[in-house]
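Data first, discussion second: the structure below is written as structure tokens.
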Amino acid sequence: MANKNIVILGGGIGGIAAACTLRKKLSSEHRIIVVDKNTSHNFAGSYLWIMMGWREPSQVSKDLELLNRKGIEYKNAQVVELELENNRVRTSQGDIDYDYLIIALGAELAADALPGFSESSYTPYYLEGAVKLREALKDFVGGDVVVLISSLPFKCPAAPYEVTLLTDHFFKKKKIRDKISIRLFTPETLPMGVAGPELGKAVVGMLGAKGIGFNPQVKPTQINPIKKEITFESGDTVRYDLLIGVPPHKSPDVVRESGLAGEAGWIPVDPGKLKTEYDNVYAIGDITDIKLHSGLPLPKAGVFAHGQAEIVAENIALQIKGKERNIDFEGKGSCFIEMGGGIAGYASGNFYATPKPVVNLKKPGRIWHWSKILFERWWMRDRKS
């Protein structure tokens, strides 16, 4: 059992979960190296609570240097090139050779892909954006609020609907909801369509019960920040006073240039083992392209990145120990749907089920909101301390 180098690209949920699981499974002579261009790990699951003023950035962010206390090497560097044939990663801080490589670089936000988005829209899809949106909500006194999903795919499929429901709650608390119109526009046919029409219709019902307009199958082509106007492919336009948007997403350049990516830029992998075309190279989380039996892609969500990370880490550890047993990622996942007032919904199921995913939505209640709080506390304490 020669000493091995396991290199993990990305310090998000998938990368952190993989690194921590590997460290628990392997002895200290095996190096585990996490490479990330950022200096902190921000828990994206709490961004909407920042938007609402329920969290401060410091509460959901920890320095990646803390990984070193766990016996995990952290390198603050930009990934420049993947030399897959040579088992080497080139970074802005030098080259790193690997025996196993886990790519967990995620999906990047590409606001500039929709003309006018950056100048017009607030977005809670990154930490600073959630803070800016919080201030915008505080200052807003009335008018038309539009929540816009720019394009597909996007990460955390429930988030735009949570944003919309929480915005409704925020303005009710301020006692100005009667002065505000809230509408959501999306290219989707139904919310979270991969999970099935029953769940989608249930979410549409939640919106309707709050007096929120749902406008499906519309794709924006540009936003005019002067006129405060969105133009769609159909030629129709919509005016807004406050625009909350999900920006377009793209894969990182280094992935598209590696030869691993498919036509859309995401990495196809074995659905169970998460292997790429290279036996010692894995990809997990939002960077992957996994086609379900329904023909639709597995959603880009932290719960899948987390589950995949633990499976990949377990299998790498088994290989290093000379054990032939392997385990598969089974496609199970869940998500919370925050509604405000301490109430949340909860959906869970098997996305690998045939002929289509089997997903169940629990009755909204306080238990699901508290369940998310407990998960946040566990993640921030156990994974990073």
Side-chain angles (χ1 to χ4, degrees), residues 106-126 129 133 136 143-165 167-168 180-197 199-201 203-208 210-253 256 261-266 286-287 289 291-292 294-301:
E108 294 183 349
L109 305 181
D112 292 344
L114 176 58
F117 185 97
S118 296
E119 303 91 329
S120 308
S121 182
Y122 293 92
T123 181
Y125 264 70
Y126 63 103
L133 177 54
D144 295 319
V145 175
V146 168
V147 178
L148 178 69
I149 298 174
S150 298
S151 61
L152 305 176
F154 60 93
K155 50 190 175 180
C156 197
Y161 300 96
E162 293 180 281
V163 167
T164 309
L165 292 166
T167 299
D168 166 83
I180 295 169
S181 163
I182 304 176
R183 292 174 291 170
L184 184 144
F185 294 81
T186 177
E188 303 164 292
T189 302
L190 283 170
M192 295 173 277
V194 177
L199 177 62
K201 289 174 182 177
V203 175
V204 171
M206 293 178 188
L207 299 176
K210 306 281 187 183
I212 298 167
F214 175 68
N215 301 272
Q217 297 181 291
V218 290
K219 185 177 180 181
T221 55
Q222 65 177 9
I223 304 172
N224 187 321
I226 306 301
K227 293 183 177 180
K228 291 192 171 183
E229 187 177 82
I230 306 164
T231 301
F232 295 94
E233 273 188 340
S234 63
D236 294 337
T237 59
V238 169
R239 190 189 169 280
Y240 64 86
D241 294 299
L242 175 65
L243 178 59
I244 304 172
V246 179
H249 289 35
K250 70 170 187 175
S251 58
D253 291 344
R256 281 182 275 118
E263 193 172 317
W266 315 108
D286 295 346
I287 196 63
D289 179 17
K291 289 293 187 293
L292 304 177
S294 63
L296 297 172
L298 184 71
K300 299 186 182 302

Could you check whether any side-chain N or O of [X] sits under 3.5 Å from a backbone N or O of [Y], counting only pairs where one atom can act as donor and the other as acceptor?
{"X": "Arg256", "Y": "Ala261", "result": "no"}
{"X": "Lys300", "Y": "Lys155", "result": "no"}
{"X": "Thr123", "Y": "Val246", "result": "no"}
{"X": "Ser181", "Y": "Asp144", "result": "no"}
{"X": "Ser121", "Y": "Phe117", "result": "no"}

Once you round to the nearest 0.5 Å, how far does [atom1] of [X] lie from [atom2] of [Y]?
{"X": "Glu162", "Y": "Met206", "atom1": "CD", "atom2": "CE", "result": "10.0 Å"}
{"X": "Glu263", "Y": "Asp289", "atom1": "CD", "atom2": "CG", "result": "11.0 Å"}
{"X": "Arg239", "Y": "Glu229", "atom1": "CZ", "atom2": "CD", "result": "9.0 Å"}
{"X": "Tyr126", "Y": "Leu133", "atom1": "OH", "atom2": "CG", "result": "10.0 Å"}

Counting only heavy atoms not in Phe232, do more than 12 fall under 6.0 Å of its CZ?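 Atom CZ in Phe232 is packed in, count exceeds 12.
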Closest contact, heavy atoms only, [X] versus [Y]:
{"X": "Phe154", "Y": "Pro160", "value": "CE1-CG, 3.6 Å"}
{"X": "Trp266", "Y": "Gly106", "value": "CZ3-O, 4.5 Å"}
{"X": "Pro247", "Y": "Ala111", "value": "CB-CA, 4.1 Å"}
{"X": "Leu114", "Y": "Ser150", "value": "CD2-OG, 3.5 Å"}
{"X": "Pro297", "Y": "Val194", "value": "O-CG2, 3.6 Å"}

Tell me every residue that passes salt bridge (Lys or Arg N to Asp or Glu O under 4.0 Å) with Lys250, counting only those two or more places apart in sequence or in another chain.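 For Lys250, the residues satisfying salt bridge (Lys or Arg N to Asp or Glu O under 4.0 Å) (neighbours in sequence not counted) are Asp253.
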Are Arg183 and Val145 close enough, and set up right, to give a side-chain contact (heavy atoms from CB on, under 4.5 Å), and what steps lead you there? CA-CA 6 Å; Arg183 292 174 291 170; Val145 175; over 6 Å; no
Are Tyr240 and Phe185 close enough, and set up right, to give a side-chain contact (heavy atoms from CB on, under 4.5 Å), and what steps lead you there? CA-CA 12 Å; Tyr240 64 86; Phe185 294 81; over 6 Å; no
Do the side chains of [Y] and [X] get nearer than 4.5 Å, heavy atoms only?
{"X": "Thr186", "Y": "Asn215", "result": "no"}
{"X": "Leu199", "Y": "Pro191", "result": "no"}
{"X": "Pro216", "Y": "Leu190", "result": "no"}
{"X": "Leu243", "Y": "Tyr122", "result": "no"}

Applying side-chain contact (heavy atoms from CB on, under 4.5 Å) to Leu148 and Ile230, what does each step give before you reach the verdict? CA-CA 9 Å; Leu148 178 69; Ile230 306 164; 4.2 Å; yes
Fit a plane to each ring of Tyr161 and Phe214, take the angle between them on a 0 to 90° scale, and name the class: parallel (under 30°), tilted (30 to 60°) or perpendicular (over 60°). tilted
Stepwise, does the side-chain contact (heavy atoms from CB on, under 4.5 Å) test hold for Ile182 with Thr164? CA-CA 8 Å; Ile182 304 176; Thr164 309; 3.8 Å; yes
Please table the atom pairs, donor to acceptor, closer than 3.5 Å between any side-chain atom in residues 218-225 and protein atoms at least two apart or in another chain.
| from | atom 1 | to | atom 2 | distance (Å) |
| --- | --- | --- | --- | --- |
| Thr221 | OG1 | Thr231 | O | 3.2 |
| Asn224 | OD1 | Ile226 | N | 2.9 |
| Asn224 | OD1 | Lys227 | N | 3.0 |

